[in-house]
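Report on the following structure.
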Protein chains: 4
Amino acid sequence: MIAVPAHRPAPSADAPHGAIRARYRRVRAETEALAAALSPEDQTIQSMDDASPTKWHRAHTSWFFETFLLVPHLEGYTTFDPAFRMVFNSYYEQVGPYHPRPQRGVLSRPGAAEVGAYRAHVDAGMERLLDVCDDRVAELVLIGTHHEQQHQELILTDIKHALSLSPLCPVYAAAAPEVAAAPLAPPGWWALEGGIHRVGFAPSGAPLEFAFDNEGPAHDALIRPCAIADRPVSNGEFRAFIDDGGYRRSELWLSEGWHLAREQGWEAPGYWRKGEDGEWRVYTLHGERTVRDDEPVCHVSYFEAAAYAQWAGKRLPTEFEWEVCARRFGAAEADDEVQRPHPRPLKPGIRQEVWEWTQSAYAPYPGFRAAEGALGEYNGKFMVNQQVLRGRSCATPFGHARPTYRNFFPASARWQFAGFRLAEDR
Amino acid sequence: MIAVPAHRPAPSADAPHGAIRARYRRVRAETEALAAALSPEDQTIQSMDDASPTKWHRAHTSWFFETFLLVPHLEGYTTFDPAFRMVFNSYYEQVGPYHPRPQRGVLSRPGAAEVGAYRAHVDAGMERLLDVCDDRVAELVLIGTHHEQQHQELILTDIKHALSLSPLCPVYAAAAPEVAAAPLAPPGWWALEGGIHRVGFAPSGAPLEFAFDNEGPAHDALIRPCAIADRPVSNGEFRAFIDDGGYRRSELWLSEGWHLAREQGWEAPGYWRKGEDGEWRVYTLHGERTVRDDEPVCHVSYFEAAAYAQWAGKRLPTEFEWEVCARRFGAAEADDEVQRPHPRPLKPGIRQEVWEWTQSAYAPYPGFRAAEGALGEYNGKFMVNQQVLRGRSCATPFGHARPTYRNFFPASARWQFAGFRLAEDR
Amino acid sequence: MIAVPAHRPAPSADAPHGAIRARYRRVRAETEALAAALSPEDQTIQSMDDASPTKWHRAHTSWFFETFLLVPHLEGYTTFDPAFRMVFNSYYEQVGPYHPRPQRGVLSRPGAAEVGAYRAHVDAGMERLLDVCDDRVAELVLIGTHHEQQHQELILTDIKHALSLSPLCPVYAAAAPEVAAAPLAPPGWWALEGGIHRVGFAPSGAPLEFAFDNEGPAHDALIRPCAIADRPVSNGEFRAFIDDGGYRRSELWLSEGWHLAREQGWEAPGYWRKGEDGEWRVYTLHGERTVRDDEPVCHVSYFEAAAYAQWAGKRLPTEFEWEVCARRFGAAEADDEVQRPHPRPLKPGIRQEVWEWTQSAYAPYPGFRAAEGALGEYNGKFMVNQQVLRGRSCATPFGHARPTYRNFFPASARWQFAGFRLAEDR
Amino acid sequence: MIAVPAHRPAPSADAPHGAIRARYRRVRAETEALAAALSPEDQTIQSMDDASPTKWHRAHTSWFFETFLLVPHLEGYTTFDPAFRMVFNSYYEQVGPYHPRPQRGVLSRPGAAEVGAYRAHVDAGMERLLDVCDDRVAELVLIGTHHEQQHQELILTDIKHALSLSPLCPVYAAAAPEVAAAPLAPPGWWALEGGIHRVGFAPSGAPLEFAFDNEGPAHDALIRPCAIADRPVSNGEFRAFIDDGGYRRSELWLSEGWHLAREQGWEAPGYWRKGEDGEWRVYTLHGERTVRDDEPVCHVSYFEAAAYAQWAGKRLPTEFEWEVCARRFGAAEADDEVQRPHPRPLKPGIRQEVWEWTQSAYAPYPGFRAAEGALGEYNGKFMVNQQVLRGRSCATPFGHARPTYRNFFPASARWQFAGFRLAEDR
């Protein structure tokens, strides 16, 4: 068990780049807090090609700062270990060769403690850098903190997948006391009138304001008259789909999804298992428990979301319909930056606890150009064969999501905290 | 060698459903003419999971008429062989189980001649059906002829792939005399002003008018000011990309394409091979010959098209930009219905001889609903993880393509006659 | 349908190499007779990596004569097509590169008729060669005829596998009238005393005498006192194993076999299928019929044979125990050379109709040295990870098998006509 | 880093089952000493399906004692964790289901420390059991100690493979000072006369005497006159094979080996790598160093051993030739039981430091019957598609090997410490 690192005090108000520095400290400490529940062995394992070990996430996020900030911008900086340049590069071709992703689980070294030392080394360098760097470089630091927050969510999704494969049914963290499930009223519908709407990220100049490159440029979108559900589909609603033979009715499914579902034996969302009493049980980071009907359905692929929508006689929203609703009806206001426990405590009937599949394929916005250099590989090179997800999940750190945020995964992905809401034409 | 079936005379003007009947006869004869160049052995082989044997195409297109027209709508019709219902079903889940696609090449029976007898049996039934059926049923016959034309193109793409794998370098058909290559001027640019444009298929009521369900409903699209090249990228232009290291520069590529290209050793478009003299040679249905600089580049994946556009500092057009240009500038006027030889004779500098990758993912148009029943599986269930191609190719039958036509293939596909043209923001 | 070639008359008694020439003519004609029942399409298909198309077998056996006899030994011989040197090489590395085995099914050309022309071309050359060649070369011709007989059996095993995959349940040849099954008495036991026995092939100098290199040198083997069953295990006996849960009792199985059986869902011998009435049915070259209890069990892997023996409290014989019995008790006298129909008519209770798995791994005999040059690759390079089978099957040509014959296949192989008999220590 | 457990004192001479108890204590302590050099992270990783994590080996060997000794034979014993019955079962079908081998690397829990507690719990039980059990049960304890010694060697082979995949080139243990390489004289030859020799294990009744079931029954073997090299082939000798194109000459190889070698790009023994200066370097448990010509070649597959022998004009010995030599010439006298460091210090020119491939396939001896119950699965069910290795390696614990010992691995295995010696017919 790793000792939880003491939270470094907030920098004084007049320190250089004080707000970014404070955010840097906070995010870095949050990563370590997430890992603190995991033993060195837990932090080492990799359960599938798409997932990574916890200590790899801890090291890679530090590599990001070392590679894009410290090495090019901090005079006199000494790398912690030159071999890490290759070992903890995720996929930046322009940085050089990298250790193959499916083999991250074979790296026992550096161990969890040494990764901690690497993080401390990078943190020390970053403090020095922030003392001296200009605003343009500080902007890159801000990117790095948001990058690290993405990996915070992956730490949880990836360890959940790995632990779920053990017959010992291990627990990541003790559960909060359960609140009794309350009957869930049918969703309400938010109406959107047709016409031109403005979408995408447009900077306002507020401090710490941030968006990834793929959220812009802001531009006009033509939206058809429609209505969007005011909450995601719930477990209870999804069980009606299962009980109606939803997983065995080919006419509801996209062809690729149908074949995948049969090949992999899908009969329910990911992590669901039918108990001996016929009740659905679900594996969570708090261990296995009964499926709650009032929670949003989670760990479904795009294929399952689309099949459900077909079954319900509705459709999934486009990413722009979603975004306009989010701004107008407050479905996904930007989080404040206050640190709160991970994963978020579940509130019954909560409107927003899962990433939501949209029917939009992940594509560049009009006028999008990737950044020059290796950082340009961040988002742009994945713009094919992925679907956009909007919102945020119970595993998303506070201060990370916003209405223009575009998450993306292949339609087959189930290990993310992903659900969906319905839409209909009007 | 199969005898080319005599072309049945055009029906008299006052025969019931005369125009559809004439089209039916013509299309069916064209299919047999395409297959006539192939021996029974040629018609049997399957070279990859995505491709099908020629005689399977010949039988499946007949199965389509038998299953959707003759069995439900022609009283007293006797099926040719009840087992064919399963054997020649391609993917219609609602019709019942089907022989797995990757195993079509193991079906030596029925042989090519028996497939010919099956076709004649179906043709006889169809003539009787057209004598008695109503307009709604005749409309389904029209669908069937367009379905068969799609398979005519696949007969050529699939046999080209299969024959290309033989070390004997076999020839499908003798080549027409070559015209000398002429220097190709740089493309001109068609300008599109921004704003709302109408796209998609809207019926005019003309006789024999046709579109697939995925081409509608017609709707408004918001287009940004841009310009579109007036011809596809040529082999000569693509060679400059190759010579500039295009296949070895990761920064130009989508991530998935980069990994696929390296895994499969792509260094040039499909069917290209560097001769011992260093010249690029290309395998065609007429045998191997030297690559002509004045022809459109062909047999490239979406990944190669996108990488080239990145290299050229341009982008691919969206499918709507393409469609508006096609209507306005005549890039892809609807063909007449006159039968001409297959594949089309190549005209130097021709504007339109390849399907063209667009940057648009294949998705339903607003308001799209698939048809009821098995025919609803035709297009809708493939609307994920595919890119739209527009135009037509040298292998597309006359009378088949039109400006609203949406072809679609996975981004990795190379065995289709696919190229691309460039676009740029204005 | 290919016309059955007229059987060339036997050469006159005083023709050079008259006996070998007669054998050559007979064997070549038998190959064509086997293929005559198959359409060009049938002859083209390949159903798995281990199997080959019929016309490939017809061509490869001709390639053998062309490559090892005509090209090196017949002055003035012109090859039929130089490309065939590569296309029809099976695995002789020293001859040069070869077309990959799993891709033999994509070779539509040369077609079945052209392969016939190739065979005629080679036959004409071989007649000329036999007019002039010396005895050493004639010896190679004899090897070629035995090589071709091996492929005659493979023509049947491979087309059986391919046709069995068709939902149309095609028939290779009409069945002879069935004789009623008679109750089968338990097997008798042949006793072998312990001690040194002579095994392996020792030439006697008889005309046309032949053995493959792997059957020698003759040598002493030490045999333990034991008894060998006087007939193979029957279908009826094997059904008792199935009914006793033999396919679900891990303790009876070799570990590798157990996992393979579960992975592939084995529940009975190859080609068996439980009918809707609960009766076992079996696919044969004559179509599907009911399993006969009085026939030897066939199409079992070594793993199934070994599991049955374990279940029965016995063991499989070693190849030397088998050979000594064969010589002493006549289990497998050498065939005469008279041509008879293929496959052999099934006689109820017949002692020998299946290849028989032995417990001996395929290994070189003491003092074995492979021949120099490419022909040395024939047998020796396969001496690992294979089990020896002895005897002959209903698909083995007459005049091919003998008591010292060593057939060999991987323990997992099921598409051969393979069964087994039991042994026990005494 | 795990604390090395204190070596428990030897039991007093008159304790019940004193000798076995002493051996139990020693072997258990040796396992922990081997693991002590490895961090919890190191002990968790699994680099391929055939290898297992260190802590899995530590737990599985304890499971063996718990399952086969404590649960059935110690009244009042409480299992440490009932779930371990499944988690740490390796392959004993009769014990029940087991966690799939390729997924052992995903088990982060129990952690290395908890496995230590499991071991202590089992040890305490075993001491109590030895106080009260009869001789038959004590015999099973002896089996368990030899079983654990097999896993001691696997701990080293498996961690070597895993660490070798890291670009950081990690070290298991510091190397002893190197002794300078001395020129190696050609091997001498031990002559064996032909005739009947006795082989296999025959009990003498000596205390602690032990052999696995697959080493018996003792029986007569017929041996041909031959000679066996008095030492294994050296690195220097093997380099001559490499330099002579041995990895590129198909005629030297078994067919399966040839294809595997090309598929996997073998150009030298496992763990060899050509440095930038053209010198061969080798990864060892002490880190990478230059290949020493005077050491036995190691980490070669059976295929490489057989190809070398073919190249050298010799052959590999049979397992019986090897065994007779071992007894007569002292090539592999039984070790004493004294504990010495792991891995064994390398002595220049040492005769015996690698397991040696023989040409014998792994098969049951005449009269072999596996034990009743789950322990019968230990050896017998693997008797197909494996080759016998004889001798012992630098990773084999003292007191484990003997002249009749039969190690076995698939012909393709390279991660074991395996070399070979030559033989020739006389």
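By convention in this document, chain letters (A, B, ...) are assigned in the order of the sequence lines, proteins followed by strands, and residues within each chain are numbered from 1. Every heavy atom of this structure was used, including side-chain atoms; hydrogens, water molecules and symmetry mates were not.
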> When you check the gap from the basic side-chain N to the acidic O, do A:K314 and A:E424 get nearer than 4.0 Å?
Replying inline: yes
> Taking every heavy-atom pair that is under 4.5 Å apart, which of A:M383, A:H219, A:R224 has the most such pairs with chain B?
Replying inline: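 Of the candidates given, the most pairs with chain B belong to A:R224.
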> Taking every heavy-atom pair that is under 4.5 Å apart, which of A:S250, A:G376, A:G257 has the most such pairs with chain B?
Replying inline: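 Ranked by heavy-atom pairs under 4.5 Å with chain B, first place is A:S250.
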Once side chain to side chain contact (heavy atoms under 4.5 Å, CB included) is applied, do any residues pair with [X], and if so which ones, sequence neighbours excluded?
| X | answer |
| --- | --- |
| B:P72 | none |
| B:D425 | B:R315 |
| B:A374 | B:F68, B:Y92, B:Q94, B:V95, B:E377 |

> Taking only heavy atoms into account, what residues of residues 299-312 of chain A are found under 4.5 Å from chain B?
Replying inline: A:Y302, A:F303
Checking heavy atoms, do the side chain of [X], its backbone, both or neither come under 4.5 Å from chain A?
| X | value |
| --- | --- |
| B:W253 | backbone |
| B:A221 | backbone |
| B:R369 | side chain |

>> Are B:F241 and B:Y247 an aromatic pair, judged by ring center distance below 6.0 Å?
In response: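 Ring centres of B:F241 and B:Y247 closer than 6.0 Å.
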> So, do B:Y365 and B:F201 have ring centers that fall under 6.0 Å from each other?
Replying inline: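 No - the distance between ring centres of B:Y365 and B:F201 does not fall below the 6.0 Å cut-off.
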> Using a distance-only test with no angle check, is there a side-chain donor-acceptor pair under 3.5 angstrom linking A:H99 and A:N89?
Replying inline: no
>> Under a plain distance cut-off of 3.5 Å, with no hydrogens placed, do B:W322 and B:E356 share a side-chain donor-acceptor pair?
In response: yes
> Any idea which of B:Y91, B:W258, B:Y362 has the most non-hydrogen atom pairs under 4.5 angstrom with chain A?
Replying inline: B:W258
>> Could you tell me if B:R414 sits above the aromatic ring of B:W266, with its cationic atom closer than 6.0 Å to the ring centre and no more than 45 degrees from the axis?
In response: yes
